[in-house]
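Reading through the C-alpha cells given below for one structure.
Because the structure is a prediction, the values reported are computed rather than measured.
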Amino acid sequence: MSLSHRNAARSVRFLGVTAASAALALSAAGSALACEIGDFSAAAGCDGTKGVITVTDKDASGVPAVVTVFLENNGADLRQVGEQTVEGSKKGAVITFAEDWAPNAVYRIHIKATKKEKVLVDEDIAGNLTTPAEACKTDDDTTSPSPSASESESQAPSSTPSTPADTAAPSPSDSSDSSDDSTVPSANNAPSPAAQESNLAETGASNTGLIAGIAALFVVIGGGAVFFGMRRRGSSNR
C-alpha cells in the first residue's frame, strides 16, 4: 500500500474517533441537562402560624414542570391542594403551597415536565410526603400568657395580714363607749359636776348671808359705842 493510501486511512480513523468522542460528549451533556424526577423534592413547614408545603426544582436545564399536590387518605387522593408551574435552576427554584396540614399527614406530589411536546417526567416524587409530628404553633403558643393585674394582686401575698371579722379593731365610738363605761362612774353612783356646783353655790350663799348679818350687827354696835363715847367726851369738856 502506498504512502498516500496509508495517510488517508489514518485520517479517516482519526475523524471517526473524533466524531465518536463528540457524540459521547454530547450525549453525556444532554443527559446531564435532562429534566428528571430526581431534580424535585418536597417538604412541609410553617410560615409563622400557617402551614405550607414547598417543592424545590434543581433542574439545571430549566424545563417548565407542572407540580400538583394531593392530600392522601389510605392510599387514595382525598383532595387536590393546588397546582403550580416551576422552572428549575441549578441553585434550585422553590414554589410554595399554603396548606394547614395536620401532623403525620401524607401528601402525593406529582411532577409533569414537557419539552417541545416531549414528555420528560410524568410521575410522583418517590415516597410521598409525610408532615411532621407536631403542627404549627398558634398565636396562643407563641406568646406566653401574662397574668392580669387583678390575678397578680390576688396571687401576690398581702403585705399586711387581714383582720378577721371577729377580731376586728373596735371603732372609735366603741372604744370611747367602753372606756367611758370602765373608767367613769355612772350617774347613779357619783353626783354630776352641775349638781356639785349647785350645792356649793347654795352652801356658800347661805353662809355669806349669815356672816354679813353678824358683821352688820357689829358695825351698828360699834357705831353706837362711838356715838355715845363722843357725847360723853363733849359733855365732860363743857
Side-chain angles (χ1 to χ4, degrees), residues 24-163:
L24 290 175
L26 290 174
S27 177
S31 300
L33 296 175
C35 180
E36 55 187 13
I37 192 63
D39 297 331
F40 299 86
S41 61
C46 299
D47 184 7
T49 59
K50 298 179 180 179
V52 294
I53 294 176
T54 58
V55 178
T56 304
D57 181 8
K58 292 186 177 182
D59 175 24
S61 64
V63 176
V66 178
V67 181
T68 309
V69 179
F70 299 92
L71 174 62
E72 294 291 284
N73 184 20
N74 295 326
D77 294 341
L78 182 62
R79 63 179 173 86
Q80 180 176 325
V81 175
E83 185 176 276
Q84 297 185 44
T85 300
V86 60
E87 293 184 4
S89 65
K90 187 175 182 180
K91 293 182 179 180
V94 180
I95 56 175
T96 302
F97 296 86
E99 171 67 1
D100 188 15
W101 48 263
N104 299 319
V106 178
Y107 290 86
R108 180 173 69 90
I109 294 91
H110 184 77
I111 308 296
K112 185 174 182 179
T114 304
K115 183 178 182 180
K116 295 180 179 181
E117 298 182 356
K118 181 181 180 181
V119 178
L120 301 178
V121 178
D122 189 7
E123 55 184 309
D124 299 336
I125 295 178
N128 292 333
L129 169 66
T130 302
T131 59
E134 294 184 2
C136 298
K137 294 183 178 180
T138 61
D139 293 335
D140 296 336
D141 297 333
T142 55
T143 57
S144 57
S146 59
S148 59
S150 60
E151 293 177 353
S152 300
E153 293 177 358
S154 62
Q155 294 176 0
S158 175
S159 58
T160 57
S162 60
T163 304

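Residues Ile111 and Ile125 are in side-chain contact: their nearest non-hydrogen atoms beyond the backbone lie under 4.5 Å apart. By the 4.5 Å heavy-atom criterion applied to side chains, Pro64 and Glu87 are counted as neighbours. The shortest side-chain heavy-atom distance between Arg108 and Val69 does not fall under the 4.5 Å cut-off. Two residues are said to be in side-chain contact when any heavy atoms from C-beta on lie closer than 4.5 Å; Arg79 and Phe70 fail this criterion. Side-chain contact between Val86 and Val55 is absent, with no heavy-atom pair separated by less than 4.5 Å.
Taking CG from Leu120 and NZ from Lys112, the interatomic distance works out to 11.5 Å, rounded to the nearest 0.5 Å. To the nearest 0.5 Å, atoms OH (Tyr107) and CG (Asp77) are separated by 12.5 Å. Taking CD1 of Ile109 as the start and CD1 of Ile37 as the end, the distance is 10.0 Å to the nearest 0.5 Å. Gln80 contributes atom CD, which lies 11.5 Å from atom CG of Leu71 (distance to the nearest 0.5 angstrom).
Between Ala44 and Thr131, the closest heavy-atom pair is CB-CG2, 3.9 Å. Ala133 approaches Asn104 most closely through the heavy-atom pair CA-OD1, 3.6 Å. Summarising the geometry of Trp101 relative to Cys46, their closest heavy-atom pair is CZ2-SG, 3.9 Å, with the distance given to 0.1 Å. In plain terms, the two heavy atoms of Cys136 and Gly45 that are nearest each other are SG-O, 3.9 Å. Between Thr114 and Val63, the shortest heavy-atom distance links the atoms O-CG1, 3.8 Å. The shortest non-hydrogen separation linking Asp59 to Cys35 is OD2-CB, 3.3 Å.
No salt bridge links Asp39 with Lys58; every basic N to acidic carboxylate O contact stays at or beyond 4.0 Å. Between Asp100 and Lys50, no side-chain nitrogen of the basic residue sits less than 4.0 Å from a carboxylate oxygen of the acidic one, so the salt-bridge criterion is not met.
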Open item on the list: Under the criterion side-chain contact (heavy atoms from CB on, under 4.5 Å), I'd like the reasoning laid out for Ile95 against Val67: C-alpha separation, chi angles, the key distance, then a yes or no.
Closed with: CA-CA 9 Å; Ile95 56 175; Val67 181; 3.8 Å; yes
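When atom types are taken as modelled, the side chain of Glu99 and the backbone of Val81 share no donor-acceptor pair closer than 3.5 angstrom.
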